[in-house]
Amino acid sequence: MLNSLAAQAIFYVIAALTVGFAALVAFSRNIVYSAFALVGALMGVAGVYILLAADFVAMVQVLLYVGGIVVLTIFAVMLTQGIGDLAVSNRAVGPGAGLAVVALAGAVMLYATLRTPWHLATAVAVASTTYGIGNAFLGVYVLPFEIASLVLLAALVGAVTISRQDTPPPADGAAEKGRS
Amino acid sequence: MVPMSYFVGLSAVLFAIGVAGVLLRRNIIVIFMSIEIMLNAVNLAFVALGRRLGSMDGQVMVFFVMTVAAAEAAVGLAIIIAVFRNRETVNADQLNLMRW
């Protein structure tokens, strides 16, 4: 088990990296920089998971987010060219009002976080969490688990349907019957 | 041990950054990535509080959030690409086809 000072130092380094990359994602002028900074932010969150002794969640975070969602996002960035030329400010609201909302929401959340008397966790021995997660998924959460697989199937079919190119209709008279 | 409020505070900061990205940026892909940041902030709070309670439920919830995030990524990016192909823009201010 890490001693307290080392754990806090590691937390500060990971938190600073995560917040920095997240800010780069949200505020970078270049969308390609945003997409690659998303990798850093998600890896930073995975590091915090490891600090919280959630090893399986950290591994899935790297596999699913960094390996899947970021690659999809970079594909979308590359397929939609010429998007760096657009104006970045919100003309409907304006940056002043938006920043005010963000500052208010962030201040409220931080205030609530720092004022709540969190009880200290009892020191848990670092053990693998895979056993408990598997038990939960096949026990209490088996129905949501199955529904999640249906959600993924529907999303897969929907994504393919939306993004496919429309094929040109065949020349003969039976053209309309073949297409839904 | 790192105090629990640090983790929840980091989650709050990340969520605020995501809200800022959604509110201040007009590029729909940046809005999309900011939503991913917000989902990660919520996941972080789930794991931290689940550890504090000594319960596995927080980590199980993270997997359901990740499932929805993956579905959102696939369908959302497909919609972005389809819209870009038809309208030649990803600026949210110009996507006003359904506005009356």
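Here is how names work: the chains are called A, B, and so on, in the same order as the sequence lines, proteins then strands, and each is numbered from 1. No experiment lies behind these values; they were computed from the predicted model shown.
The number of heavy atoms from other shown groups lying within 6.0 Å of CZ (A:F36) does not exceed 12.
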Can you give the donor-acceptor pairs under 3.5 Å from side chains of residues 41-59 of chain A to other protein atoms, not counting sequence neighbours?
{"unit_1": "A:D55", "atom_1": "OD1", "unit_2": "A:T129", "atom_2": "N", "d": "3.4"}
{"unit_1": "A:D55", "atom_1": "OD1", "unit_2": "A:T129", "atom_2": "OG1", "d": "2.7"}

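Counting heavy-atom pairs under 4.5 Å between each of B:A71, B:S5, B:G21 and chain A puts B:S5 at the top. Counting heavy-atom pairs closer than 4.5 Å to chain B, the top residue among A:L64, A:L5, A:V70 is A:L64. The most heavy-atom pairs under 4.5 Å with chain A, out of B:G50, B:A16, B:S34, come from B:A16. Top candidate by heavy-atom pairs under 4.5 Å with chain B, chosen from A:P144, A:A105, A:A112, is A:P144. Interface check for chain A: of the options B:V68, B:V13, B:D57, the most heavy-atom pairs under 4.5 Å are formed by B:D57. In terms of heavy-atom pairs under 4.5 Å with chain B, the best-connected choice from A:A136, A:S34, A:G68, A:A154 is A:S34.
Under the ring-ring contact (aromatic ring centres under 6.0 Å, His included) criterion, B:F46 pairs with no residue, sequence neighbours left out.
Interface remark: B:V60 contributes backbone and side-chain atoms alike to the contact with chain A (heavy atom separation under 4.5 Å). Contact of A:F11 with chain B is made through the side chain alone, with heavy-atom distances under 4.5 Å. At a 4.5 Å heavy-atom cutoff, the contact between A:L38 and chain B is made by side-chain atoms alone. Both the backbone and the side chain of B:F7 come within less than 4.5 Å of a heavy atom of chain A. For A:V140, no part lies near chain B; criterion is any non-hydrogen pair under 4.5 Å. At a 4.5 Å heavy-atom cutoff, the contact between B:L49 and chain A is made by side-chain atoms alone. B:A69 touches chain A through backbone and side chain together, each having a heavy atom under 4.5 Å away. Only the side chain of B:M61 has a heavy atom closer than 4.5 Å to any heavy atom of chain A. Heavy atoms of B:I17 lying under 4.5 Å from chain A belong to its backbone as well as its side chain. Both the backbone and the side chain of A:T18 come within contact range of chain B, each with at least one heavy atom under 4.5 Å from a heavy atom of that chain. Within the 4.5 angstrom heavy-atom criterion, no atom of A:A103 approaches chain B. Residue B:Y6 touches chain A through both its backbone and its side chain, counting heavy-atom pairs closer than 4.5 Å. Residue B:L44 touches chain A through both its backbone and its side chain, counting heavy-atom pairs closer than 4.5 Å. Only the side chain of B:L10 has a heavy atom closer than 4.5 Å to any heavy atom of chain A. Heavy atoms closer than 4.5 Å to chain A are found in the side chain of B:V62, but not in its backbone. Both the backbone and the side chain of B:M33 come within contact range of chain A, judged by heavy atoms closer than 4.5 Å.
Across all their heavy atoms, A:A37 and A:V25 have their closest contact at C-CG2, 3.6 Å. Residue A:Q8 comes nearest to B:P3 through the heavy atom pair NE2-CD, 3.8 Å, listed as atom of the first residue, atom of the second, then distance. A:A22 and B:L14 make their closest contact through CB-CD2, 3.7 Å (heavy atoms, listed as atom of the first residue, atom of the second, distance).
In this structure, A:Y141 and B:F63 have side chains that are not in contact, with every pair of non-hydrogen atoms separated by 4.5 Å or more. Using a 4.5 Å heavy-atom cutoff, the side chains of A:T73 and B:E36 are not in contact.
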In sequence, state the C-alpha distance, the side-chain angles, and the governing distance for B:E72 and B:L39, and then conclude on side-chain contact (heavy atoms from CB on, under 4.5 Å). CA-CA 11 Å; B:E72 178 227 343; B:L39 285 170; 3.6 Å; yes
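Between the CZ atom of A:F75 and the CD1 atom of B:I80 there is a distance of 15.0 Å, given to the nearest 0.5 Å. For the atom pair B:I35 CD1 and B:I37 CD1, the distance stands at 11.5 Å (nearest 0.5 Å).
The closest donor-acceptor contact from the side chain of B:R51 to the backbone of B:G58 lies at 3.5 Å or more, if one exists at all. At distances below 3.5 Å, at least one donor-acceptor pair connects side-chain atoms of B:S11 with backbone N or O atoms of B:A41.
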